[in-house]
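What follows is one structure encoded as structure tokens, with my remarks underneath.
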Amino acid sequence: MKNSFLLNPDITFLNHGSYGACPIPVFKKYQKWQKKMESQPVQFMNKILWKNLKKSREALGGFIKCSEKDILLFPNPTMAVNNIIDNLHLSSNDEVLMTQHEYGALVRAWTHSSKKNNFKIIQQKINIPLESKEDFIKQFLSGVSINTKVIFISHITSQTALIFPIKEICSFAKKKGIITIVDGAHVPGHIDLNLREIECDYYTGACHKWLCAPKGTSFLYVREELQKNIIPQIISWGEKGEDPGPTKFLMDFQWQGTRDMSAFLSIPVAIKFVKENKWRKNHLVNKKMILDTSKMLRDLLKTESTFIGEDWTGQMVSHQLPNNSPETLMRDLWNDFSIEVPIFEWQEHKFIRVSLHYYNDISDVEKLLFALKKLLF
Ligand SMILES: Cc1ncc(COP(=O)(O)O)c(C=O)c1O
């Protein structure tokens, strides 16, 4: 499916996980929205926009199984999570429990708020390789105390690329009255998401990653009972604006001042694209390749995997590099072999993360292994 994407055909792109990649028909529709906006900006902003934002929320709600009224569209998960943090009003003695696998920018956001408001962050250590779900749950929940007010957890982690059992964690938290915020940045279009089955309070996901929507398309789901208590960080027209939205919640958040919302309006075409291209089947094919990649990396690098079994991974795998790998490895892979793949440090070890989507096949992985062999041994 390489021809369906705008990616340069001369490169080996193994980093869908960072910013996604947009298929040609989706990108064309996105530009069509932008042209429509410029053909009559006032009619577009004051009228056309609202009914089409509703269509986007409806299409997304159908895909992730929740009501369109419970979805706010955001450019990215960072903005979505910052908005929630500000609404929690945590204070001293309160604790926020997370794993040490959480996304760095969001750990920073929590740390910033914790310094200002004096609450405590517990980054629970989850040992790798992960093996049994029960063991994960036991390790994570041993961080709960009588002061735990919030659990913040990734559904799929960024640096370790692991799928966490968030359904069980959210059910536990609900029984204990702990607020749950799930970071599902990597989830839509990657693994199935049914928000009716997950008892979380807040869930954010990016549509520009695995769902292949244009950049700047993400969402925040807020459980209905909590909607009346949340206000946006950016105060604009809200109920006094042009948005004929059904609730104060939606009206408060949708208009954040003038901005280009064409990417939001392209969510339905992205969903259409992944459905037409059998995303679940694509997932199974890529997951099998990821499991093979994991084995090949283990054999080549002689380092341990981050997981044991088949339940922890999807279309991404992170694998530990030998400690003496050159600092220049990522740059050399790009400069000498035109391979785009992220290499980073996590918990004092170097890792390489391989993502596979529609446009990849096993020859891309073979190119990476060939290049690693040349550069490392
Ligand atoms: C797990 C996870 N959470 C949150 C984010 C935040 O994404 P953004 O920088 O687009 O807000 C990312 C980005 O890659 C991520 O991997």
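The analysis underlying the following values was restricted to heavy atoms, covering all of them including side chains, and did not include hydrogens, waters or symmetry mates. Both counts, for ligands and for their atoms, begin at 1 and track the order of listing. In this chain, residues are counted from 1 in sequence order.
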Residue, atom and distance of the protein heavy atom nearest atom 6 (C) of ligand 1 read Tyr103 CE2, 3.4 Å

In terms of side-chain heavy atoms, does Tyr358 have a donor or acceptor partner in His16 at a distance below 3.5 Å? no

Quick one: look at Val81 and ligand 1, take heavy-atom pairs under 4.0 Å, and tell me if it's side chain, backbone, both or neither. neither

Output the list of atoms in ligand 1 that are nearer than 4.0 Å to some heavy atom of Leu106, sorted by atom number. 4 (C)

Where does Ala185 meet ligand 1, judged by heavy-atom distances below 4.0 Å: at the side chain, the backbone, both, or neither? side chain

Would you mind checking which non-hydrogen protein atom is closest to atom 10 (O) of ligand 1, with the distance to 0.1 Å? Asn76 CB, 3.4 Å

Does the side chain of Glu95 pick up a donor-acceptor pair with the side chain of Ser145 at under 3.5 Å? yes

For Phe172 and Phe140, I'd like to know if the aromatic rings sit close, meaning centre-to-centre distance below 6.0 Å. no

NZ or CZ of Lys29 within 45° of Trp33 ring axis and under 6.0 Å: yes

For Gly314 and His283 the tightest heavy-atom approach is CA-CE1, 3.7 Å

With atoms numbered from 1 as shown, which atoms in ligand 1 lie under 4.0 angstrom from a non-hydrogen atom of Thr78? 6 (C), 8 (P), 9 (O), 11 (O)

Contact check, Ala105 vs ligand 1, heavy-atom distance below 4.0 Å: no

How far is atom 1 (C) of ligand 1 from its nearest protein heavy atom, and which residue and atom name does that atom have? Asp183 OD2, 3.4 Å

Checking side-chain polar atoms at under 3.5 Å, does Ser318 have a donor or acceptor matched by the opposite partner on Gln159? no

Between ligand 1 and His186, is the shortest N or O to N or O distance under 3.5 Å? yes

Pair Ser154, Glu102: side-chain N/O donor-acceptor within cut-off below 3.5 Å: yes

Give a yes or no on whether a salt bridge exists between Lys350 and Glu327, defined as a side-chain N under 4.0 angstrom from a carboxylate O. yes

Going by the 4.0 angstrom heavy-atom rule, the piece of Lys209 near ligand 1 is side chain

Among all the protein's non-hydrogen atoms, which is closest to atom 7 (O) of ligand 1, and how far away is it? Pro77 CD, 3.7 Å

